[in-house]
There are 2 protein chains.
Amino acid sequence: MTTRLPPRSPARPAETVARRLSELVALSDAEAALVRGLGERRERHLPGDMLVAKGALDSRPRFILSGWACRQRILADGRRQIFSFLLPGDSISITRRSQPEVCAIHALTALETGDAQLVVNAAESGRAPGLAYALAALEPQEQTLLLDHMVRLGRQSAYERTAHFLIELQRRLKVAGLGDERRFPLPLTQEMMGDALGLSVVHVNRILQQLRRDGLIELRSGVAILLQPEQLADIAEARPPTRSAPIATPSAGRTGAAPA
Amino acid sequence: MTTRLPPRSPARPAETVARRLSELVALSDAEAALVRGLGERRERHLPGDMLVAKGALDSRPRFILSGWACRQRILADGRRQIFSFLLPGDSISITRRSQPEVCAIHALTALETGDAQLVVNAAESGRAPGLAYALAALEPQEQTLLLDHMVRLGRQSAYERTAHFLIELQRRLKVAGLGDERRFPLPLTQEMMGDALGLSVVHVNRILQQLRRDGLIELRSGVAILLQPEQLADIAEARPPTRSAPIATPSAGRTGAAPA
DNA sequence: CGCTTCTTTGACGAGCCTCAAACTGAGTGG
DNA sequence: CCACTCAGTTTGAGGCTCGTCAAAGAAGCG
């Protein structure tokens, strides 16, 4: 009896994206249909593939349908810093058309993306105010994740950092419809975690063992389980889920277009 | 014979902002006049004042005319992480209308800001395409600084980190017309530096002494001097100034409005 | 001149890294 | 079906980096 999470939903490839956007605002049927259209124009990538080159000026807007990617920079001597992980349902080149210089997006696992050009067009045309709102709301979310990560790197111990990181993943993946309150897929090597958390592989390993010994987590074959989410959150000083909606209150019914 | 840099230019309070924007795009006379108008509606702040509360939904767009501020978060136990420093010429609530939750902007020194509402209006109206372009170009710049900072925190030693940080300040202040290739004002306490760099005050002090002993820098009474900028850049693995202009090539003459 | 804030120094210990090597598991090919 | 390989995980030993605690100078300010 293997404890494997469903690897992908081949039936409705854009379901994850729809779920994610629905968290932000209620989409009309037409808008939801547009989002599901992401599955029409798919693209496959292999682990290690570069999705967006550093400093790319104008890459195609996409959503991740399955698989994980990351934004990262590699220093001259080989040291790597991962800025953020991109999960199923996350956007590429939508919140920020041009990548900042020296920050590339790489696939970490086998990956599927869906072309979001039609969705973006609809949002920008004014035909899909809900979508426009949802897309605009993605940016502050990303920004918050980035700042959270910065706090981890600058002001938290390896133990706190790792706990915080795992909680973030659990919360994000749950919104995407992957995993639940405790379990979620974790296809990262300890090296990737280290490069994100600013730790050596060896130390990541030791911290994970410590979290296991303390009965807080369980990790095996690509699946993570948070055994005591509340206690973990205490350690990490993780703030409550922090509902989004930072741009404007989506007035019921006909939502105004997002501010310029 | 004190080595003091001019504390402020009372004659033309918005000169720093004009200089900063001119780095990004050539402004028309009308646009430059608009920018200089920032000096008309000024506001003073004292060290410690909160300029923008965390999670503020819609704060007034402003430019810093003089003084330093920072974006920061404070943890429950008092630990503080400074995300970025805001220098004269930098913008507030322009690149990002709403602050991400749990990230506030505080004045670090006595501070003067200028109301940028008129400038923003002009840019958004289409009357000032150059301004629109310049304002849009501020955001990727900020983003790059943030990622640079992240690399420092995650993947550089205290020594490299501090060197990198000082070089960043020198470059930014030079663009703002404060300081030159080697000298610049540095009104930060070592505690502030530590909270930005993820180091303890004591360790910041030791690292600075080490940089001094190595003949790389000089620090006294609010002025920093980089004695060997090139060598310092090598240590920090600081990339060349990286000219900006990431959004679109500002076609000569009538520049199109920034993309939506 | 006394207060406060900031800087500096020392001593000590914990956290994290490096090096090195063994172990595991998933291919892969004979 | 069994080496063999390769990537990833795990463990140990040792040492550097950095934090903490404590206290003594400076420096600005009323």
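Basis for what follows: all heavy atoms, side chains included, without hydrogens, waters or symmetry-related copies. In the text below, chain A, chain B and the rest are named by the order of the sequence lines, each starting its count at 1.
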Nearest-neighbour nucleotide for the [X] side chain, [options] considered:
| X | options | value |
| --- | --- | --- |
| B:Ala158 | D:dA22, D:dC18, C:dT7 | D:dC18 |
| B:Val202 | D:dC21, D:dT11, C:dC16 | D:dC21 |
| B:Ser200 | D:dC21, C:dC17, D:dG19 | D:dG19 |

Gap between atoms [atom1] and [atom2], on [X] and [N] respectively (whole Å):
| X | N | atom1 | atom2 | answer |
| --- | --- | --- | --- | --- |
| A:Arg155 | D:dC18 | CZ | C1' | 12 Å |
| A:Met193 | D:dA7 | CE | P | 19 Å |
| B:Arg213 | C:dT8 | CZ | C1' | 12 Å |
| A:Glu160 | D:dG19 | CD | P | 14 Å |
| A:Asp195 | C:dC17 | CG | P | 11 Å |
| B:His203 | C:dG13 | NE2 | P | 19 Å |
| A:Gln156 | C:dG15 | CD | C1' | 15 Å |
| B:Leu186 | C:dT7 | CG | C1' | 14 Å |

Response to the item:
Of A:Leu199 and B:Asn205, the one whose closest nucleotide on DNA chain C sits nearer the 5' end is B:Asn205
Worksheet item: Heavy-atom count around B:Glu191 CD within 6.0 Å, excluding the residue itself: above 12?
Response: no
Worksheet item: For A:Glu139 and A:Arg96, what are the C-alpha separation, side-chain angles and deciding distance, and is it a side-chain contact (heavy atoms from CB on, under 4.5 Å)?
Response: CA-CA 8 Å; A:Glu139 203 268 340; A:Arg96 220 178 317 286; 3.4 Å; yes
Fill in: Reported CD1-to-NZ distance for the pair A:Ile105 and A:Lys54, which is rounded to 0.5 angstrom
14.0 Å
Practice prompt. To the nearest 0.5 Å, tell me how far A:Leu197 CG sits from A:His164 NE2.
Written response: 11.0 Å
Which is true for [X] with a 4.0 Å heavy-atom rule: it touches a base, it touches only sugar-phosphate, or it touches nothing?
| X | result |
| --- | --- |
| B:Thr189 | sugar-phosphate |
| A:Gly198 | sugar-phosphate |
| B:Val201 | nothing |

Worksheet entry | Any B:Arg212 side-chain N or O less than 4.0 Å from OP1/OP2 of C:dT8 | yes
Discussion item. It should be established whether B:Gln209 places a side-chain nitrogen or oxygen under 4.0 Å from OP1 or OP2 of nucleotide C:dT9.
Written reply: yes
Discussion item. Between the base of C:dG10 and the side chain of B:Arg206, is there a donor and acceptor pair under 3.5 angstrom?
Written reply: yes
Worksheet item: Does the side chain of A:Gln72 come under 3.5 Å of the side chain of A:Arg80 through a donor N or O and an acceptor N or O?
Response: yes
